[in-house]
2 protein chains.
Amino acid sequence: MNIALKDYISIFIHQTDLKITGCVKERLAPFNLAPEQNLIMMLLWERDGRNQQELSEQLEKDKTNITRMLSSLEQKGFVKRVIETYDRRSTRVFLTEEGKALECDVIPLTDEFHRTVTSGVTEEELAIVRRVLSKMRENIK
Amino acid sequence: MNIALKDYISIFIHQTDLKITGCVKERLAPFNLAPEQNLIMMLLWERDGRNQQELSEQLEKDKTNITRMLSSLEQKGFVKRVIETYDRRSTRVFLTEEGKALECDVIPLTDEFHRTVTSGVTEEELAIVRRVLSKMRENIK
DNA sequence: TATACTTAGTTGCTACAGCAACTATTAAAT
DNA sequence: ATTTAATAGTTGCTGTAGCAACTAAGTATA
């Protein structure tokens, strides 16, 4: 092979992402939350009553994913969907009491995970990583 | 929100990975190859006759993924599976003529994509990104 | 040799991920 | 006012991704 697989930075990023997501999944499992479901919850803990459109934009995800993740979260009893009165196409997503209660357990966990992941990495290095990844996104836009 | 979603480097990496993979998917679509299927093909172009165990290790993927991706590649006519005579549990994976023929189209494409992604990024920056991502993997091992 | 352990691969399950096509509803244009 | 556009969300499809449990086959041990 002219270029080894690991030399493709895209593959390196991809595999790193998988490891990280796998670890997050493990840590969230006790709370019956999947990683991406947790991102929705984080947005709702900040402010609930958002519609799916907004969640889709904030998470840069296809709206179909949002639909399905919310169905799961609703089934678990963490959120409820309410049809918007003034525009019946739109649904607003609210936290249940159970969903609200998760925050105090999960936020410390994600913050602690962030510290674990970045331990031994300087602020400068982290800034460079952010800048380079942003540049890469620009490059393929 | 105390920490915005984008401030979690894990999420930033994840979203970057999704953008990159999405772009790779588009570019490979004309060749009827999905991104991860292409990784298998790259290993086979280098040397075919590998067994699924080896592909699994090289790609750091669960063996179930390998099984399913190979089924798809086999159905497309790019590879064929042959049961190993000396150990009938093992199957060796070989390229078909059609599979071999893809190489000369796809390798230049992936190399060009790599150049596109990394354009405007210095070798030093790239080295830092690799080092930091490796460190992160270590941190959660 | 018979039993237990190990290994290679498959199948079933859940969770993303995004495209295409669909319904329902609202807004805009003629 | 009626037709047309656009918008919000859902469903069906294919492709990852990994765990658990399984079959089949080979190895080790009593």
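Throughout, a chain's letter reflects where its sequence line sits, starting with A, and its residues are numbered from 1.
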Legend entry - d(CG, Leu73(A); P, dA15(C)) in whole Å: 10 Å
Inset, instruction - Mind listing the residues from residues 51-72 of chain B sitting with a heavy atom below 4.0 Å of DNA chain C? Number order is fine. - result: Asn51(B), Gln52(B), Gln53(B), Lys63(B), Thr64(B), Thr67(B), Arg68(B)
Legend entry - Assigned glycosidic conformation for dA15(C) [threshold 90° from 0]: anti
Inset, instruction - Tell me what Gln37(A) touches on the nucleic acid: a base, only sugar-phosphate, or nothing, going by heavy atoms under 4.0 Å. - result: sugar-phosphate
Inset, instruction - Would you kindly give the CD-to-P distance between Glu26(B) and dA17(C), to the nearest whole Å? - result: 17 Å
Inset, instruction - For Ser119(A), enumerate each residue passing the side chain to side chain contact (heavy atoms under 4.5 Å, CB included) test, keeping only those at least two apart in sequence or located in another chain. - result: Asn139(B)
Inset, instruction - Determine: side-chain N/O of Arg81(B) to OP1/OP2 of dA8(C), distance under 4.0 Å, yes or no. - result: no
Inset, instruction - Starting at atom CG of Leu28(B), determine the distance to atom C1' of dT16(D), rounded to an integer number of angstrom. - result: 14 Å
Inset, instruction - For the side chain of Asp87(A), starting at C-beta, report the closest nucleotide among dG9(D), dG9(C), dT26(C). - result: dT26(C)
Inset, instruction - Please determine, for dA5(D), whether a Watson-Crick or G-U wobble partner exists with both distances under 3.5 Å, and give it or none. - result: none
Inset, instruction - Would you mind telling me which of dG9(C), dA8(C), dT7(D) lies closest to the side-chain atoms of Arg89(B)? - result: dA8(C)
Inset, instruction - Please determine if a side-chain N or O atom of His14(B) lies less than 4.0 Å away from the OP1 or OP2 oxygen of dA17(C). - result: yes
Legend entry - Distance-only side-chain donor-acceptor flag, Gln37(A) / Ser72(A), under 3.5 Å: yes
Inset, instruction - Please state how far atom CD in Gln15(B) lies from atom C1' in dC16(C), giving the value in whole angstrom units. - result: 14 Å
Legend entry - Flag if over 12 foreign heavy atoms under 6.0 Å of CZ, Arg131(B): yes
Inset, instruction - Give a yes or no answer on whether the side chain of Glu125(B) reaches the backbone of Thr122(B) with a donor-acceptor pair at less than 3.5 Å. - result: yes
Inset, instruction - Validate the cation-pi geometry between Arg50(A) and Phe94(A): distance from NZ or CZ to the six-membered ring centre under 6.0 Å, angle to the ring axis within 45°. - result: no
Legend entry - For atom CD of Glu36(B) and atom P of dT14(D), their distance in whole Å: 19 Å
Inset, instruction - Return the 5'-most residue of the pair Ser90(B), Lys19(B) with respect to DNA chain C, ranking by each residue's nearest nucleotide. - result: Ser90(B)
Listed pairs under 3.5 Å, donor-acceptor, residues 77-86 of chain A side chains, sequence neighbours left out:
| from | atom 1 | to | atom 2 | distance (Å) |
| --- | --- | --- | --- | --- |
| Lys80(A) | NZ | Leu95(A) | O | 3.4 |
| Arg81(A) | NE | Glu74(A) | OE1 | 3.2 |
| Arg81(A) | NH1 | Gln52(A) | OE1 | 3.0 |
| Arg81(A) | NH2 | Ser71(A) | OG | 3.0 |
| Arg81(A) | NH2 | Glu74(A) | OE1 | 3.3 |
| Glu84(A) | OE2 | Tyr86(A) | N | 3.4 |

Inset, instruction - Decide, yes or no, whether a salt bridge links Glu138(A) with Lys19(B) under the criterion of side-chain N to carboxylate O below 4.0 Å. - result: no
Inset, instruction - Confirm from the modelled atom types if Arg88(A) and dT25(C) form a donor-acceptor pair under 3.5 Å, side chain to base only. - result: no
Inset, instruction - Just name whichever nucleotide pairs with dG18(C), Watson-Crick or G-U, keeping both distances under 3.5 Å, else none. - result: dC13(D)
Inset, instruction - Check whether any side-chain heavy atom of Val117(A) sits under 4.5 Å from a side-chain heavy atom of Ile9(B), and report yes or no. - result: yes
Legend entry - Integer-rounded Å distance: dA24(D) P and Ile83(B) CD1: 12 Å
Legend entry - Interatomic distance where OH belongs to Tyr86(B) and P belongs to dA25(D) [whole Å]: 18 Å
Inset, instruction - Nearest whole angstrom, please: distance from the P of dG9(D) to the CZ of Arg92(A). - result: 11 Å
